[in-house]
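Read the structure below first, then the notes.
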Amino acid sequence: MNNLNNLTIKQSYEYLNKKKCSSVELTSSCLEQIEKLNPEINAFITVSELALDEARKADELRSNNQELPLLGIPIALKDIYMTKGLRTTAASNVLRDYIPQYDATVVRKLKEAGAVILGKTNLDAWAHGSSGENSDFGPTKNPWDREYVPGGSSSGSAAAVAANLCAAATGTDAGGSIRLPASFTDTVGLKPTYGLVSRYGIIAMASSLDSIGHFTKTVEDSALFLNITAGNDPFDATTTNKELPDYTKDLHKGIRGLKIGIPKEYLAMGIDKKIKENFDNALRQIEELGAEIIEISLPHTKYAVACYYIIQPSEVSSNLARYDGIRFGNDRSYFGDEAVRRIILGTFTLSAGYYEAYYKKAMQVRTLIKRDFEQVFNPPAGGVDAIIAPVSPTPPWKLGEKLDNPLRMYLSDIFTTTANLAGIPGLSVPSGFINGLPAGFQILGPQFSEKLLFQIGHAFEQTQERKILDI
Amino acid sequence: MKIDVKRVAKLANLELDDEELPKFEKQLEEILSYFDKLKEVNIKDVEITSQVTGLENVIREDKAAPSLSQEEALSQTKSQHNGLFKVPGILENE
């Protein structure tokens, strides 16, 4: 392979260990690709000036036989992860010049694992959006076709991994913000179980929904990455105390005999013909691998978007109340339109007289959505091991297409919000291309079943050829 | 559902230009009427879900640990005075 920046995490690790390349070479190759493509794609808001120094340090440690899982491997961080001394904007003018005083827990863990931080990636401001266009730093473009959106809100991270500007990148997913862009860019995106990965130091959007995940080039890389980021954090009381497995174990176990559910409601909800075709192909592959496909029912699915867009803005209005321009950042006049919309919507649904009709009701419907999944995953009742479903009801759309119609934009989250409401994990896996643009499907499982999702995703991935974007 | 955007914006400490109001009003009313969908769901005796993995009463020992220095804490503010944050007055002069 000529271009080191195309390597996966696993390949990078092997190259570095066998001294086929140094971290400085690997990092330089990413930085060159960023320099070449970022002016067009706009995946990065900030490129770190310390990346090469960190790479040099990693090479030194390696020559002293230091072993760390990400030692010298260049990654990018969604610009909503606080990085000590490195500007963190949430893609909003409110934080245009904000330099955090501390690292997010996940950032600390990644640094301790030896990762080289290339920089901070673009997003819909405050992670509000499904296309990447709500950024105050300009939209990110889909590297596969620059007239199209890469999906959001973790738009820059998805584009950066797809265009090989880095080996992997972090994201956040409160309603699909990792899975949707992953499916639009031919990357693997993991939304972990709520509370599996610490939210500490990641700018809060909707605290009961926010899940901290990542984009990688392969399913195996996704498992490797989760091994580093998952686990209890005293700074986030919602993180789990469970003993966690090695997520890379059982990757190669195959899926023979597994029961996989297809929610009939998803396919009945107005889905693009080409997406359906693509999904049916994936389904056939999974059946050929020996899994049993079973039709299941999640009857409350059709209420998920309404439920989500009450709960999410309510929590947003509360979380964004802290931005007053006093202790840091600019004042509230710097909020963009989408943040204003969500703050107003959330303030309204929480206000006296409307709380019961909106917020409380949505939190009750949330219980029903969660119960739908519990029922379907319940083994004594003949439940399934996992569910597969499309990620997006349509292929990527053109830049600008949905910008003036927020409700239409919200409806693109129709298949993804349910996992956040139920707190379950979802893995988005590439399933080929439709008219030159990527498509993907998601694998959903019970809470804390990430290991199984990787096992299924990996088995499917072996039936596909990894297409490297050559630009 | 009607929404008085100006009033709600004030509650949220946002200042909107008058010419922006009709746009937000239209968009938000469209979104609110989409929420009407929830009216058909029977939620009698259904509990709310606020902690989705079921954790309860997570506590820890109240122990002092290193924190930001005063200088670090103040490093991002645009208004400080004598090593303190300077905030706008909230009480009006009589």
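The model shown is predicted, which means the values in this text are computed figures rather than measured ones.
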* Best-contacting candidate, L38(B), L28(B), I31(B), against chain A by heavy atom pairs under 4.5 angstrom -> L38(B)
* Residue F35(B) versus chain A: region with a heavy atom under 4.5 Å -> both
* Structure fact -> With chain A, the option among E72(B), Q80(B), K86(B) that has the most non-hydrogen atom pairs under 4.5 Å is E72(B)
* Check ion pair R199(A)-D236(A) (N to O, under 4.0 angstrom) -> yes
* To do: Please state whether the side chain, the backbone, both or neither of I311(A) comes within less than 4.5 Å of a heavy atom of chain B.
  => neither
* For the candidates I344(A), T238(A), L421(A), V365(A), which exhibits the highest count of non-hydrogen atom pairs separated by less than 4.5 Å from chain B? -> I344(A)
* Asked: Among pairs that include at least one residue of residues 338-354 of chain A, which meet salt bridge (Lys or Arg N to Asp or Glu O under 4.0 Å), considering only residues two or more places apart or in two chains?
  -> E338(A)-R341(A), E338(A)-R342(A)
* With a 4.5 angstrom heavy-atom cut-off, could you sort out which part of S317(A) is near chain B: side chain, backbone, both or neither? => neither
* Asked: Would T301(A) and D372(A) count as having a side-chain donor-acceptor pair, cut-off 3.5 Å?
  -> no
* Asked: Do you know which of D4(B), D36(B), V41(B) has the most heavy-atom pairs under 4.5 Å to chain A?
  -> V41(B)
* Which one, L11(B), L16(B), I3(B), leads in non-hydrogen pairs under 4.5 Å with chain A? -> I3(B)
* **Side chains of L444(A) and F373(A) in contact at under 4.5 Å (non-hydrogen atoms)** => yes
* To do: Under 4.5 Å, counting heavy-atom pairs only, tell me which of M363(A), R371(A), K302(A) racks up the most with chain B.
  => M363(A)
* Most heavy-atom pairs under 4.5 angstrom with chain A, which of E40(B), K39(B), K23(B), E15(B)? -> E40(B)
* **Any E29(B) side-chain heavy atom under 4.5 Å of K2(B) side chain** => yes
* To do: Verify whether one side chain among D413(A) and S130(A) offers a donor that lies under 3.5 Å from an acceptor in the other.
  => yes
* Asked: Would T53(B) and Q51(B) count as having a side-chain donor-acceptor pair, cut-off 3.5 Å?
  -> yes
* Under 4.5 Å from a heavy atom of chain B, the part of Q364(A) involved -> both
* Asked: For T239(A), is it the side chain, the backbone, both or neither that has a heavy atom under 4.5 Å from a heavy atom of chain B?
  -> backbone
* With side chains defined as the heavy atoms from C-beta onward, is the minimum distance between E133(A) and K402(A) less than 4.5 Å? -> no
* **Contacting region of D337(A) [heavy-atom separation from chain B under 4.5 Å]** => both
* At a heavy-atom separation under 4.5 Å, does S333(A) approach chain B through its side chain, its backbone, both, or neither? -> neither
* Structure fact -> So, the part of A237(A) with a heavy atom under 4.5 Å from chain B: the answer is both
* Among L74(B), V87(B), L32(B), L68(B), which has the most heavy-atom pairs under 4.5 Å with chain A? -> L32(B)
* Distance-only polar pair, side chains of D79(A) and T89(A), donor-acceptor under 3.5 Å -> yes
* Structure fact -> If one checks every heavy atom of K242(A) against chain B at 4.5 Å, the contacting part turns out to be neither
* **chain A contact via I43(B) - side chain, backbone, both or neither, heavy atoms under 4.5 Å** => both
* Pick whichever of Y358(A), F348(A), Y194(A), F448(A) has the most heavy-atom pairs under 4.5 Å with chain B. => F348(A)
* Asked: Is it the backbone or the side chain of K26(B) that comes under 4.5 Å from a heavy atom of chain A, or both, or neither?
  -> neither
* For the residue pair F335(A) and Y323(A), categorise the inter-ring angle as parallel (less than 30°), tilted (30 to 60°) or perpendicular (more than 60°). => perpendicular
* Asked: Salt bridge or not for K78(B) and D97(A), using N-O below 4.0 Å?
  -> yes
* **Salt-bridge contact K6(B)-D18(B) (side-chain N to carboxylate O under 4.0 Å)** => yes
* Side chain, backbone, both or neither: which part of N330(A) has a heavy atom under 4.5 Å from chain B? -> both
* Given side chains that start at C-beta, do those of W126(A) and V316(A) come closer than 4.5 Å, heavy atoms only? -> no
* Structure fact -> Comparing P234(A), A357(A), S207(A), G329(A) against chain B, the one with the most heavy-atom pairs below 4.5 Å turns out to be G329(A)
